[in-house]
Amino acid sequence: KVEPEKLLNEFLGLGFRARVIATALDEDLLGKDINQAFITEIQKFNPHPCGENGEYHTFVTNGPLFKRRLKVKEEKRRKRDKVWFLEISVELEGD
């Protein structure tokens, strides 16, 4: 069994980058990047660190499989059934 914190650190260590686009924890988490500061911040909610119980969902913006980073533009925030959603538009960085 792999510990969730170790899995997140491996994900980040490989160069993946992700942004929160939905959360049942707090609206202020929308748009935040997954990093050590985020992991520390969400501990006050006592969630599964990887969001495995639906605490948050992400959009991956970069990683070793990407040819170019994705640039995210935040649009509207909406709440539906106790979950906050961030609408986004995306373009390739450098365009």
Side-chain angles (χ1 to χ4, degrees):
K1 176 181 176 182
V2 178
E3 293 299 319
E5 293 85 1
K6 183 177 179 182
L7 187 60
L8 273 175
N9 287 326
E10 183 177 339
F11 175 82
L12 295 171
L14 289 170
F16 285 99
R17 299 296 173 255
R19 186 169 296 180
V20 177
I21 59 167
T23 181
L25 300 175
D26 188 311
E27 179 186 5
D28 291 339
L29 297 175
L30 288 177
K32 292 202 175 196
D33 291 325
I34 303 300
N35 54 30
Q36 290 302 319
F38 174 82
I39 294 166
T40 299
E41 183 177 356
I42 65 169
Q43 287 177 356
K44 65 185 174 188
F45 299 104
N46 197 30
H48 185 284
C50 298
E52 290 298 313
N53 298 313
E55 296 94 339
Y56 67 91
H57 299 278
T58 61
F59 180 81
V60 178
T61 59
N62 199 17
L65 305 175
F66 288 45
K67 290 184 180 180
R68 291 168 58 193
R69 179 185 306 261
L70 297 174
K71 183 177 174 183
V72 174
K73 180 180 175 190
E74 295 185 14
E75 304 287 344
K76 297 178 185 177
R77 293 172 176 227
R78 297 177 190 238
K79 188 173 186 182
R80 206 172 39 219
D81 298 327
K82 299 181 183 179
V83 178
W84 283 98
F85 295 91
L86 177 63
E87 293 181 14
I88 60 173
S89 58
V90 180
E91 59 185 51
L92 290 173
E93 208 168 83
D95 282 351

I'd like to check [X] versus [Y] (side-chain heavy atoms, cut-off strictly below 4.5 Å). Are they in contact?
{"X": "Asn62", "Y": "Phe16", "answer": "no"}
{"X": "Glu75", "Y": "Ser89", "answer": "yes"}
{"X": "Trp84", "Y": "Leu25", "answer": "no"}
{"X": "Ile21", "Y": "Thr58", "answer": "no"}
{"X": "Tyr56", "Y": "Leu29", "answer": "no"}
{"X": "Leu7", "Y": "Phe11", "answer": "no"}
{"X": "Glu91", "Y": "Lys71", "answer": "yes"}

(request) Please answer whether the main-chain N or O of Gly63 pairs with a side-chain N or O of Arg69 as donor and acceptor at a distance below 3.5 Å. (result) no
With clusters defined by side-chain heavy atoms of hydrophobic residues (ILVMFWY) lying less than 4.5 Å apart, directly or transitively, does [Y] cluster with [X]?
{"X": "Phe38", "Y": "Phe85", "result": "no"}
{"X": "Leu30", "Y": "Val90", "result": "yes"}
{"X": "Leu70", "Y": "Leu14", "result": "yes"}
{"X": "Val83", "Y": "Ile88", "result": "no"}

(request) Only one of Arg78, Lys76, Arg80 passes salt bridge (charged side-chain N to carboxylate O under 4.0 Å, His left out) with Glu87; say which it is. (result) Arg78
(request) With side-chain contact (heavy atoms from CB on, under 4.5 Å) as the test, would you mind laying out the steps for Phe66 and Val60 before giving the verdict? (result) CA-CA 10 Å; Phe66 288 45; Val60 178; 3.7 Å; yes
(message) I'd like to know whether Glu55 forms a side-chain hydrogen bond (donor to acceptor under 3.5 Å, both in side chains) with Thr23, so could you lay out the CA-CA distance, the side-chain angles of the two residues, the decisive distance to 0.1 Å, and finally the verdict.
(response) CA-CA 6 Å; Glu55 296 94 339; Thr23 181; over 6 Å; no
(message) So for atom CD, which belongs to Glu5, do other residues, nucleotides or ligands contribute more than 12 heavy atoms lying within a distance under 6.0 Å?
(response) yes
If you compare all heavy atoms of [X] against all heavy atoms of [Y], which two are closest, and at what distance to 0.1 Å?
{"X": "Lys82", "Y": "Lys79", "value": "CA-CE, 3.8 Å"}
{"X": "Glu27", "Y": "Arg77", "value": "O-NH1, 3.2 Å"}
{"X": "Leu86", "Y": "Val20", "value": "CD2-O, 3.9 Å"}
{"X": "Leu8", "Y": "Cys50", "value": "CG-SG, 3.9 Å"}

(request) Quick one: pull up CG in Asp33 and CZ in Arg17 and give me the separation to the nearest 0.5 Å. (result) 8.5 Å
(message) If I take atom CG from residue Asn53 and atom NE2 from residue His48, how far apart are they, to the nearest 0.5 angstrom?
(response) 6.5 Å
(request) Classify the side-chain pair Asn9/Gln36 by whether it contains a donor and acceptor separated by less than 3.5 Å. (result) yes
